[in-house]
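Structure record follows, encoded as structure tokens.
Quick note: residue numbers are just sequence positions, from 1. One-based numbering, in listed order, for ligands and for the atoms of each.
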Amino acid sequence: MSRVTLSRYLIEQTRSNNTPADLRFLIEVVARACKEISHAVSKGALGGVLGSMDTENVQGEVQKKLDVLSNEILLEANEWGGHLAGMASEEMDNAYQIPGKYPKGAYLLVFDPLDGSSNIDVNVSVGTIFSVLRCPNECFSQNDALGEEAFLQPGTRQVAAGYAIYGPQTMLMLTLGDGVKGFTLDRELGSFVLTHDSIRVPESTAEFAINMSNERHWEAPVKRYVGELLAGKEGPLGKNYNMRWIASMVADVHRILTRGGIFMYPRDGREPEKPGKLRLMYEANPMSFIIEQAGGAATNGHQRILDIQPESLHQRVAVFLGSKEEVERATRYHQE
Ligand code: AHG
Ligand code: MN
Ligand code: MN
């Protein structure tokens with residue numbers, strides 16, 4: 001049986017449904033960077049990559065060595081190829097400018113270079129999340145600096161999104177807006193191989209993911225919904241639910257893509273001015289695009305995440321995503 005690598009899949013996409021060649025190249029380069037990050041992550045203490053830096057990112061979070069390294073790997077891999085007009089990352093305050101010595105291209109790349117930082121030093125799955133947008137014509141110039149406005153497009157405008165998960169296997173999950181494909185890294189070949197051809201999130205589920213330690217800070221609809229899940233068979237939902245919380249969004253979302261479930265990171269009363277913990281541009285939007293493409297749903301409790309008009313690069317958002325029935329129920333409770 002011949003194996004379909006990511007490269008072959010992308011070439012076939014280019015032939016059959018006009019995936020532009022420069023988008024194909026972009027995805028190839030991101031995948032190559034993810035292989036490099038996977039390699040660094042897997043070395044752990046042997047590579048001297050564990051532990052923290054003395055720095056904080058724009059959100060005031062202490063940066064881990066691997067956060068910074070992964071960010072550098074993605075920037076270096078993507079800046080020279082001529083396919084990007086700019087990049088933005090969780091780990092950088094402002095939009096990243098393509099250095100003047102390199103050509104610019106039509107796309108914008110937005111990423112969370114290493115998701116699940118709190119799990120790095122304890123050898124639990126982490127990942128890289130990315131989103132690809134087109135650079136609006138009026139923002140594109142070979143000479144001028146690229147401003148933040150170029151990136152502030154709703155998630156519906158994403159042309160591709162994906163994540164790499166660095167777990168027992170390294171996998172790359174990808175959508176080009178036509179379903180979701182899963183590729184597993186074959187370390188001997190050095191290639192991502194298509195292993196999950198048609199990923200579907202089951203519509204109903206009996207599994208949920210939320211950080212329960214924040215319960216006392218939740219808003220009433222979330223308290224009600226999770227209370228009903230916990231009540232199990234004897235409660236209004238009439239079935240027992242299981243709970244998982246890995247605290248790496250990539251790993252929690254990956255489980256949901258594989259066997260269903262609902263993932264929640266609601267807004268809460270700890271920092272009432274913030275509409276949640278997760279970031280819209282490089283966490284919620286790409287994951288929502290993937291989940292929707294796999295037949296699931298994603299809202300902030302009030303509206304579809306992909307319809308939100310972003311106001312700033314590092315904007316936060318509440319997230320409810322996964323199996324349709326449960327996301328719809330949680331969203332309905334916010335409206336009642
Ligand atoms: P990051 O490591 O990129 O900052 O993201 C961590 C996020 C997400 O991956 C996870 O779902 C969530 O933070 C976990 O938050 P808690 O530690 O509050 O459970
Ligand atoms: Mn993250
Ligand atoms: Mn991160």
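Distances from the Mn ion (ligand 3) show that Gly116 has no N/O/S atom below 2.8 Å. The Mn ion (ligand 3) has an N, O or S atom of Glu90 inside 2.8 Å of it. For Asp67, every N, O or S atom stays at 2.8 Å or more from the Mn ion (ligand 3).
Using a 4.0 Å cutoff on heavy atoms, Ser118 does not count as a contact of ligand 1. Under a 4.0 Å heavy-atom criterion, Leu114 is in contact with ligand 1.
Under the 3.5 Å distance criterion, with hydrogens and angles disregarded, a donor-acceptor pair is assigned to the side chains of Thr299 and Thr331. A donor-acceptor contact closer than 3.5 angstrom is absent between the side chains of Thr205 and Tyr241. Defined by atom type and a distance below 3.5 Å, a donor-acceptor pair is missing between the side-chain atoms of Ser191 and Asp186.
Residue-ligand proximity, Ser117 to ligand 1, at heavy-atom distances under 4.0 Å covers atoms 2 (O). Of all the atoms in ligand 1, the ones that sit under 4.0 Å from a non-hydrogen atom of Ser248 are 9 (O). Close contacts of ligand 1 with Arg279, meaning ligand atoms under 4.0 Å from a residue heavy atom, involve 1 (P), 3 (O), 4 (O), 5 (O). The atoms of ligand 1 that sit less than 4.0 Å from any heavy atom of Leu278 are 7 (C), 8 (C). Here is the list of ligand 1 atoms found below 4.0 Å of a heavy atom in Glu283: 3 (O), 5 (O). Taking every non-hydrogen atom of Asp112 and a distance limit under 4.0 Å, the qualifying atoms of ligand 1 come out as 3 (O). Set against the non-hydrogen atoms of Asn211, the atoms of ligand 1 under 4.0 Å away are 16 (P), 18 (O), 19 (O).
A salt bridge does not link Lys64 to Asp67: none of the charged nitrogens lies less than 4.0 Å from a carboxylate oxygen. Salt-bridge formation is detected for the pair Glu283/Arg279: a Lys NZ or Arg NE/NH1/NH2 atom is positioned less than 4.0 Å from an Asp or Glu carboxylate oxygen. Contact check on Arg244 versus Asp252 returns no salt bridge, with no Lys/Arg side-chain nitrogen under 4.0 Å from an Asp/Glu carboxylate oxygen.
Neither the backbone nor the side chain of Glu91 has any atom closer than 4.0 Å to an atom of ligand 1 (non-hydrogen atoms only). Here Asp115 has heavy atoms under 4.0 Å from ligand 1 in both its backbone and its side chain.
The closest protein non-hydrogen atom to atom 10 (C) of ligand 1 is Ala247 O, 3.5 Å. The nearest heavy-atom contact from the protein to atom 18 (O) of ligand 1 is Tyr265 OH, 2.6 Å.
Under the 3.5 Å distance criterion, the side-chain polar atoms of Ser288 are left unmatched by any main-chain donor or acceptor of Leu306.
Heavy atoms of other residues, nucleotides or ligands lying less than 6.0 angstrom from CD of Glu61 number more than 12. Shown here is Asn123, whose CG atom has no more than 12 heavy atoms of other residues, nucleotides or ligands within 6.0 Å. By the neighbour-count criterion of 12 heavy atoms within 6.0 Å, atom CZ of Arg224 is densely surrounded, having more than that number from other residues, nucleotides or ligands.
In this structure, Gln309 and Gln153 have side chains that are not in contact, with every pair of non-hydrogen atoms separated by 4.5 Å or more. Looking at heavy atoms from C-beta onward, Leu152 lies out of side-chain contact with Gln315 at the 4.5 angstrom threshold.
In terms of polar-atom proximity, defined here as any N/O pair under 3.5 Å, Trp245 does make such a contact with ligand 1. Considering backbone and side-chain N/O atoms, Gly116 comes within less than 3.5 Å of an N/O atom of ligand 1. Where the criterion is an N or O separation shorter than 3.5 Å, residue side chain and backbone included, Glu90 meets it with respect to ligand 1.
Distances from the Mn ion (ligand 2) to each N, O or S atom of Asp112 single out OD2 as the nearest.
Rounded to 10°, the angle formed at the Mn ion (ligand 2) by OE2 of Glu283 and OD1 of Asp115 is 110°.
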Evaluation steps, side-chain contact (heavy atoms from CB on, under 4.5 Å), between Glu91 and Gln63: CA-CA 8 Å; Glu91 303 301 339; Gln63 290 180 301; 2.8 Å; yes
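Compare Met264, Lys277, Met249 by their heavy atoms: the one nearest to atom 12 (C) of ligand 1 is in Lys277.
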